[in-house]
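Report on one structure; see the data block that follows.
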Amino acid sequence: MAEEEDPQRLKKVAAASYDYENDPRWAEYWSNILIPPHMASRSDVLDHYKRKFYQRYIDPDLVVEAIATGSSSQSARPTPSSSSTPNDQARQRTSGSTTRTSGSSTTAAPTPTSLRWDRQTIHFSVNAWVLVMAVLAIIPLVPANLSNRAYRLSFMGTACSSLYSLYSLYGKPRAWNLQALQVWFQSVIATKDFIYFIYCLTFVTSHLHLKFALIPVICWALEHVAKFLRRNFSRASAYRKYLEEPCVWVESNTSTLSILSSQAEIGLGFLLVLSLFSWQRNIIQTFMYWQLLKLMYHAPVTAGYHQSVWANIGRIVNPLVHRYAPFLNTPISAVQRWWFRQ
């Protein structure tokens with residue numbers, strides 16, 4: 001395998017330091033993994049499935065390598081239960097068929113239909129469509145009616161993609177009562193899909209058109225499209241000729257795109273505050289968006305980038321406030337107490 005890039009190294013460090021024991025989903029996930037007892041006691045096997053759990057529930061962008069040893073690849077296979085991803089199931093079927101027919105002359109080859117209409121393909125299709133709509137929305141020469149419609153369709157596409165991802169990974173609530181809804185809501189509230197679903201709903205229902213709000217949507221769509229193309233079309237001549245270089249750049253600069261998205265999201269919060277002094281003001285939207293920014297600040301999938309941006313803002317603003325407007329220290333302290341309270 002090629003040398004890992006720096007963003008993947010940081011993701012693996014975050015996965016290794018995650019508190020699995022205090023996450024009830026980990027106990028359920030691990031109980032659904034059927035492996036021999038002597039394999040379950042091995043630290044490398046346990047770490048492998050912890051990374052797969054982290055990839056599924058916390059950071060889908062984490063790349064998890066297969067277990068290197070041959071004995072592990074045959075004896076430490078999870079059952080194709082609900083805790084396995086579609087790629088895991090395809091790998092299990094291929095490995096199983098090869099093992100059963102080893103030594104015979106009629107070894108079954110993998111079918112050429114690996115690119116079935118699965119969750120990844122649906123995400124790619126929707127995000128490619130979102131990317132086209134977002135580009136139409138921000139091009140200055142596009143007519144206003146088409147631009148406004150493309151603006152809303154970009155948010156609607158991302159919202160639908162995020163909602164479908166939540167349903168694929170977490171299903172629906174076990175019952176339609178308050179307790180079951182609360183349990184389901186607590187399991188999805190800190191995921192990136194839920195955050196982007198609420199983000200898109202905030203702007204698709206607003207009469208205030210802020211093209212600046214499309215920056216996180218474009219970055220989100222670019223990451224999904226580039227990752228899918230590299231994994232599934234890397235041998236296609238058209239991809240190698242036209243798309244390989246931009247896709248490699250996107251995948252090697254995911255941290256840069258995440259920082260750009262965080263800066264745009266925080267900047268939108270201040271734009272909405274300024275809009276309160278105009279005829280397009282929407283107090284409810286502004287309040288809800290700042291609640292979303294607070295969630296982004298505390299959620300593990302976005303906390304690192306948002307906290308970094310807020311730290312830079314504090315280093316610039318705090319000395320100016322202390323020097324030129326010390327009377328603002330009291331209201332700023334009150335806001336900070338609300339902000340840091342989870």
Any chance you could measure [X], atom [atom1], to [Y], atom [atom2], to the nearest 0.5 Å?
X	Y	atom1	atom2	result
Gln280	Leu272	CD	CG	11.0 Å
Ser308	Ile313	OG	CD1	10.0 Å
Leu208	Trp279	CG	CH2	8.5 Å
Phe212	Ile138	CZ	CD1	12.0 Å
Cys247	Arg230	SG	CZ	8.0 Å
Leu214	Leu268	CG	CG	9.5 Å

| message | Run Met288 and Ile198 through side-chain contact (heavy atoms from CB on, under 4.5 Å) and show every step you take. | response | CA-CA 9 Å; Met288 291 181 60; Ile198 299 300; 5.6 Å; no

Restricting to non-hydrogen atoms, name the atom on [X] and the atom on [Y] that form the minimum distance, rounded to 0.1 Å.
X	Y	value
Ile215	Leu260	CG2-CG, 3.9 Å
His224	His123	CD2-ND1, 4.5 Å
Ser162	Asp193	CB-O, 3.2 Å

Compare all side-chain heavy atoms of [X] with those of [Y] and state whether any distance is below 4.5 angstrom.
X	Y	answer
Tyr49	Lys52	yes
Thr254	Asp61	no
Asn282	Leu276	no
Trp220	Leu257	no
Trp129	Leu153	yes
Leu201	Val204	yes
Ser165	Phe197	no
Arg56	Pro60	no

| Sidechain N-carboxylate O distance under 4.0 Å for Lys192, Asp59 |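 Looking at Lys192 and Asp59, the cut-off is not met.
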
| request: Is it possible for you to check whether Lys294 lies under 6.0 Å from the centre of the six-membered ring of Trp338, through NZ or CZ, and within 45° of that ring's axis? | output: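 Judged by the rule, Lys294 and Trp338 form a cation-pi pair.
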
| note | From the list Tyr170, Tyr20, Phe194, ring pair (Phe, Tyr, Trp, His ring centres under 6.0 Å) partner of Tyr57 resolves to Tyr170

Report yes or no: does [X] contribute a side-chain atom to a donor-acceptor pair with the main-chain N or O of [Y] at less than 3.5 Å?
X	Y	result
Tyr289	Ile284	no
Asn177	Ala180	yes
Trp184	Gly171	yes
Ser278	Ser275	yes
Ser234	Arg231	no
Ser125	Thr121	yes

| query | Phe340 and Met296: same hydrophobic cluster, using ILVMFWY side-chain contacts below 4.5 Å? | reply | yes

| message | Do Gln285 and Ser206 pair up side chain to side chain, a donor and an acceptor below 3.5 Å, judged on atom types alone? | response |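 There is such a pair (donor and acceptor under 3.5 Å, judged by atom type) between the side chains of Gln285 and Ser206.
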
| request: Please determine, by modelled atom types, if His48 and Glu65 share a side-chain donor-acceptor pair under 3.5 angstrom. | output: no

| Looking at the rings of Tyr151 and His209, which for Trp means the six-membered one, are their centres under 6.0 Å apart? | yes

| Taking it one step at a time, do Phe270 and Trp290 satisfy ring pair (Phe, Tyr, Trp, His ring centres under 6.0 Å)? | CA-CA 9 Å; Phe270 291 105; Trp290 276 91; 5.5 Å; yes

| said: Quick check on Leu320: does its CG atom have over 12 non-hydrogen neighbours (other residues, nucleotides or ligands) under 6.0 Å away? | reply: yes

| Ring geometry between Phe124 and Phe233 (parallel below 30°, tilted from 30 to 60°, perpendicular above 60°) | tilted

| request: Measure up the Tyr18 and Tyr54 rings against each other and bin them: parallel (under 30°), tilted (30 to 60°), perpendicular (over 60°). | output: perpendicular

